[in-house]
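We name chains A, B, ... by the order of the sequence lines, and we start the count at 1 in each one. For clarity, every value in this text was computed on a predicted model and none was experimentally measured.
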Amino acid sequence: MENITKIEKKWRNKWEEENIYKFEFDDKKEKLYCLEMFSYPSGANLHMGHWWNYGVTDTWARLKRMQGYNVFHPMGFDAFGLPAENYAIKTGIHPKDSTNQNIKTMKKQLKNIGATYDWDYEINTSSPEYYKWTQWMFLKLYENNLAYKKEAPVNWCSSCNTVLANEQVINGECDRCQTTIERKEMSQWFFKITDYAEELLTSLDKLDWPDATKVLQRNWIGKSEGAFVNFKVDDYSFKVFTTRSDTLFGVTYCVLSPEHELALKITKPEYIEAVKKYQKEASIQSEIERTSTLKEKTGVFTGAYAINPVNNKKVPIYIADYVLSTYGTGAVMAVPAHDERDYEFAKKYNLDIIPVIESDTLPFMEDGKHINSEFLNGLNNIDAINKMNNYLKDNNLGEKTTNYRLRDWLVSRQRYWGSPIPIIYCETCGIVPVPEKDLPVVLPYDVEFTPDGESPLAKSDEFVNCKCPLCNKDAKREVDTLDTFVCSSWYFLRFLDANNNNEPFNKERINKIMPVDKYVGGIEHACMHLLYARFFTKALRDMGYLNFDEPFKSLVHQGIILGPDGEKMSKSRGNTVTPDPIVEKYGSDILRNYLMFGFNYIDGGPWTDDGITSINRFYKRVERLIDKHSQDKEIEKLEKVLHKTIKSVLEDLEEFQFNTSIARIMEYTNALSKYEEIPKYYLEQLLLLLAPFAPHITEELWSRLGNDFSIHNMNYPTYDASKVIENTFEIGVQVNGKLRASVNITDNISDEEIKEEVLKHENIIKYTKDKEIIKFIIVPKKIVSIVVK
RNA sequence: GCAGGUAUGGCGGAACUGGCAGACGCGCUAGACUUAGGAUCUAGUGGAGCAAUCCAUGCAGGUUCAAUUCCUGUUACCUGCACCA
């Protein structure tokens with residue numbers, strides 16, 4: 001198409017003037033909330049990934065619009081976060097200034113996609129109007145005992161002199177300077193996501209999400225059934241968590257993690273020094289060193305002995321770093337005969353190994369008959385566990401329990417560019433939440449944010465010093481900011497009421513439009529954003545602010561568009577492909593269509609330029625066909641093709657199979673091009689079919705056919721089932737599993753007639769004569785299979 | 001180590017619930033129209049073979065009248081988790 005850029009611009013302006021993508025709440029049509037993970041406003045232009053996620057999903061949203069849904073399709077910016085802050089440290093440009101500038105550019109670029117966003121619902125998480133309500137969320141969680149402060153180990157980079165978020169730790173190293181991350185104890189705020197572990201796990205089943213994603217979340221939550229067992233040591237006692245309480249008679253020692261609160265208390269005086277030394281060594285080890293499975297196990301004896309509650313045997317207690325303080329109780333009972341790790345440790349330190357399950361090998365982890373186990377002898381694994389758990393409970397020695405791998409969510413960040421945590425520390429009143437009426441706690445502009453290990457906000461006296469809301473004495477504000485994942489844990493709710501100044505969102509609105517019907521974004525968020533957002537939704541539900549259980553009913557992960565070399569696109573690799581030149585040359589519709597046609601949306605794949613010309617050629621062909629339009633009349637042959645096409649396109653689009661939908665429309669186009677003159681109706685149907693795929697081009701051609709603005713307000717084609725039915729079929733005939741012939745069969749003939757027809761076929765006669773027909777299988781409309789001997 | 005995923009022509013990729021493997025397109029070959037074509041149109045295009053036919057969905061088996069699809073084993077790559085007691 002000539003002047004494609006101009007044409008696209010013309011229609012975008014028209015759409016904006018006419019406000020055709022306006023979303024109205026009171027619409028009588030059925031609602032549909034289509035959402036892509038909102039964007040981080042980076043300085044550069046849109047990259048291929050943006051077009052891939054936003055352009056392609058918009059096609060689906062457009063289909064739904066044309067199918068008569070009241071589609072809510074918003075866009076906004078996840079604007080807080082480290083990149084802006086790091087950029088500021090490098091360039092001196094304030095994060096607020098660069099972010100706002102980036103949002104401006106990005107919004108302009110996003111508009112070039114020609115998507116159906118209603119920008120009246122735009123949000124920016126770094127604006128006080130937004131983070132006021134992020135802070136409100138924090139207060140509500142705090143009120144409901146779902147936010148608490150405690151001492152915790154965090155990721156510390158000694159070179160940047162700051163704490164890093166988990167997602168900034170790549171293979172145990174700082175993603176900025178590759179320094180090995182250390183652990184450091186700091187007082188931090190947490191959200192009690194573990195309260196929801198069970199529901200987060202079980203309600204996954206109901207969701208229309210990719211199985212792979214559910215598996216990731218399930219593993220992350222890591223439920224395991226087991227038991228607590230109490231071990232006494234002198235005047236103290238500690239609990240261990242075990243999934244194998246059936247092996248209790250095989251316990252030959254116990255291990256506490258170096259961080260265990262009893263570690264020093266139970267240690268005998270002559271061992272104190274060694275234990276302290278070991279603790280220190282463990283604490284300065286990096287997380288990778290500490291948790292490496294390759295590392296030889298180490299430990300130190302405490303001189304103390306614990307009493308095995310089932311047989312009152314004394315077993316030595318060790319401190320060893322192969323036991324993690326963050327899982328279970330931070331203490332384990334060791335059964336070297338039936339656990340590889342315990343076995344390795346026992347061998348090294350010459351500890352007893354007592355088999356309690358019959359086997360030829362050591363260590364043996366399979367099921368088997370119990371031995372050396374008094375009342376468990378002869379039982380298999382499951383029965384033994386049940387019997388033991390009952391015994392523990394009856395004798396008050398322990399109890400059955402469920403343990404989760406999931407940890408509470410650490411939300412404190414010692415960084416500047418984030419939402420301040422609305423908490424005040426008063427010497428008299430302690431921790432005091434900022435009263436709701438005082439929100440937002442505004443992030444001050446003039447702050448020294450070069451990282452030196454101290455939270456940047458701590459350096460702003462103006463920010464820190466305040467009055468206690470309860471006693472009005474001098475007090476100090478919390479100086480950490482919130483993890484940006486907090487901002488994105490509820491943005492899909494705010495979108496619906498983006499300009500509400502009185503509350504985070506209106507309850508009726510939320511309940512009317514939520515949940516999100518189709519959520520599209522990368523799988524990398526499986527165990528972070530997607531989990532956090534589910535937690536927020538459930539917490540808000542239990543507080544009475546909304547009445548649904550899950551935020552995202554149906555989820556799609558787009559694959560990744562790789563560089564032409566098959567590697568992930570990156571500046572350092574120099575394999576990035578930028579959309580801009582393609583958009584300039586061919587227009588945004590062509591880029592969008594190439595992305596849809598050239599790849600499977602779920603898989604992605606390496607970029608190639610070749611496909612661009614092919615899709616461009618296709619639309620040029622469509623344009624030429626439009627110019628061949630003639631008076632309307634029905635062509636029976638085309639009717640059939642058209643209705644079959646509509647059927648397939650609708651089915652494929654439902655599954656995000658854009659590539660095959662376009663292939664089907666190409667087939668329809670091929671059928672049309674057989675005609676010198678094409679009735680206008682069939683061309684209009686073609687344009688309507690293509691409208692969600694190529695909004696600009698179809699709008700232009702629609703008007704060229706003499707139709708009124710806008711094609712996007714038309715209904716999407718529907719098919720007539722009676723026209724899709726075939727009444728003749730060409731079906732294959734197999735003899736002994738090999739294809740030997742192909743026959744034409746009409747719809748309504750009997751199996752006997754089919755048999756007769758098939759056996760008349762020359763080639764079939766050849767393969768069946770002088771042979772006995774053992775089986776004659778007819779699969780209606782598909783195949784005939786003959787077995788001969 | 002554990003869990004999940006992927007593997008189909010020269011290339012991107014199709015194939016619903018087991019039913020004619022390779023839709024659609026790129027590329028390539030030949031031809032047409034052209035001053036020309038990197039435009040457009042027509043025909044062909046998985047491999048071998050003159051043909052009948054045979055061989056082909058990572059590899060090796062199995063189930064079945066029939067397997068890209070189901071089962072067992074195996075290889076390569078990708079992703080997540082990783083001393084989880």
Side-chain angles (χ1 to χ4, degrees), chain A residues 210-220 222-224 226 240-245 247 254-255 257 288 290-295 297 320-324 326-335 338-342 344-345 403-406 523-524 526-527 559-560 566 568 594 597-600 602-603 605-615 617-618 620-621 624 648 651-652 655 657 659-667 669-670 673 729-743 763 766 773-788:
Chain A
D211 286 338
T213 315
K214 292 187 185 181
V215 169
L216 287 178
Q217 283 208 1
R218 278 191 199 108
N219 291 345
W220 188 261
K223 180 179 182 173
S224 63
V240 302
F241 172 72
T242 178
T243 54
R244 294 296 303 274
S245 56
T247 60
C254 282
V255 185
S257 69
I288 1 173
R290 166 85 186 261
T291 58
S292 167
T293 49
L294 302 170
K295 195 186 76 170
K297 295 198 175 11
D321 65 4
Y322 80 90
V323 172
L324 308 174
T326 51
Y327 185 79
T329 59
V332 302
M333 57 181 227
V335 186
H338 305 292
D339 182 284
E340 265 176 356
R341 297 154 301 182
D342 298 344
E344 193 190 321
F345 192 83
N403 191 59
Y404 299 90
R405 206 194 71 106
L406 183 70
I523 192 168
E524 67 274 15
C527 296
I560 300 172
K568 210 167 170 173
Y594 170 56
F597 181 62
F599 307 85
N600 173 306
I602 310 300
D603 297 341
W607 175 268
T608 94
D609 286 332
D610 303 339
I612 282 279
T613 47
S614 89
I615 202 80
R617 197 180 289 174
F618 169 67
K620 275 162 78 177
R621 220 167 143 216
R624 281 197 303 274
S648 319
E651 284 167 1
D652 290 353
E655 303 297 316
Q657 306 236 1
N659 51 351
T660 49
S661 332
I662 293 177
R664 297 292 86 83
I665 300 176
M666 283 175 167
E667 284 173 313
T669 309
N670 289 344
S673 62
F729 303 92
E730 194 184 288
I731 63 171
V733 183
Q734 294 180 338
V735 180
N736 283 355
K738 302 254 185 212
L739 187 70
R740 296 302 180 191
S742 188
V743 293
N763 223 26
K766 182 178 153 193
I773 293 177
I774 303 168
K775 274 188 185 172
F776 199 98
I777 300 159
I778 299 170
V779 185
K781 301 175 188 182
K782 296 256 165 80
I783 207 163
V784 170
S785 187
I786 307 168
V787 188
V788 297

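At a threshold of 4.5 Å between non-hydrogen side-chain atoms, the residues Ser257(A) and Tyr327(A) do not count as touching. At least one side-chain heavy atom of Val743(A) sits less than 4.5 Å from a side-chain heavy atom of Ile731(A). With a 4.5 Å cut-off on side-chain heavy atoms, Thr608(A) and Phe599(A) do not count as touching. Side-chain contact between Leu406(A) and Gln217(A): absent, with no pair of heavy atoms (C-beta onward) separated by less than 4.5 Å.
Dashed line: the shortest gap from a side-chain N or O of Lys766(A) to OP1 or OP2 of U53(B) is under 4.0 Å. Under 4.0 angstrom from either OP1 or OP2 of C81(B) there lies no side-chain N or O belonging to Gln217(A). A close approach under 4.0 Å does occur between a side-chain nitrogen or oxygen of Asn763(A) and OP1 or OP2 of U53(B). Taking side-chain N and O atoms only, Arg218(A) has no distance below 4.0 Å to OP1 or OP2 of G4(B).
Residue contacts for Val779(A): at a heavy-atom cut-off of 4.0 Å it reaches a base atom on one of the strands shown. In this structure, Ile777(A) reaches the bases: a heavy-atom distance under 4.0 Å links it to at least one base atom across the strands shown. Residue contacts shown for Gln657(A) are limited to sugar-phosphate atoms, with no base heavy atom under 4.0 Å away. As judged by a 4.0 angstrom heavy-atom cut-off over every strand, Asn670(A) is placed among residues touching the sugar-phosphate backbone only.
Side-chain to base pairing of Ser785(A) with C65(B): one donor and one acceptor N or O lie within less than 3.5 Å of each other. A donor-acceptor contact under 3.5 Å links the side chain of Arg664(A) to the base of A23(B).
Checking Lys738(A) against Arg621(A), the closest nucleotide of RNA chain B that is more toward the 5' end is the one next to Arg621(A). RNA chain B is contacted by both Asn659(A) and Tyr404(A); Asn659(A) maps to the nucleotide lying nearer its 5′ end (nearest heavy atom per residue).
In G58(B) the O4'-C1'-N dihedral to the base is more than 90° from 0, which defines an anti nucleotide.
Residue Arg624(A) places its side chain closer to C41(B) than to any other of C41(B), G13(B), A3(B). With A66(B), C24(B), A85(B) as the candidates, the nucleotide lying closest to the side chain of Gln734(A) is A66(B). Picking from A85(B), A82(B), A23(B) the nucleotide with the shortest atom distance to the side chain of Tyr327(A) gives A85(B). In this structure, of A23(B), C26(B), C83(B), it is C83(B) that holds the atom nearest to the side chain of Asp321(A).
Asn763(A) places a side-chain N or O within 3.5 Å of a backbone atom of Arg740(A) that can act as its donor or acceptor partner.
Taking atom CD1 of Ile602(A) as the reference point, atom P of U79(B) lies 18 Å away to the nearest angstrom. Atom pair Lys782(A):NZ and U17(B):P shows a separation of 10 Å (rounding to whole Å applied).
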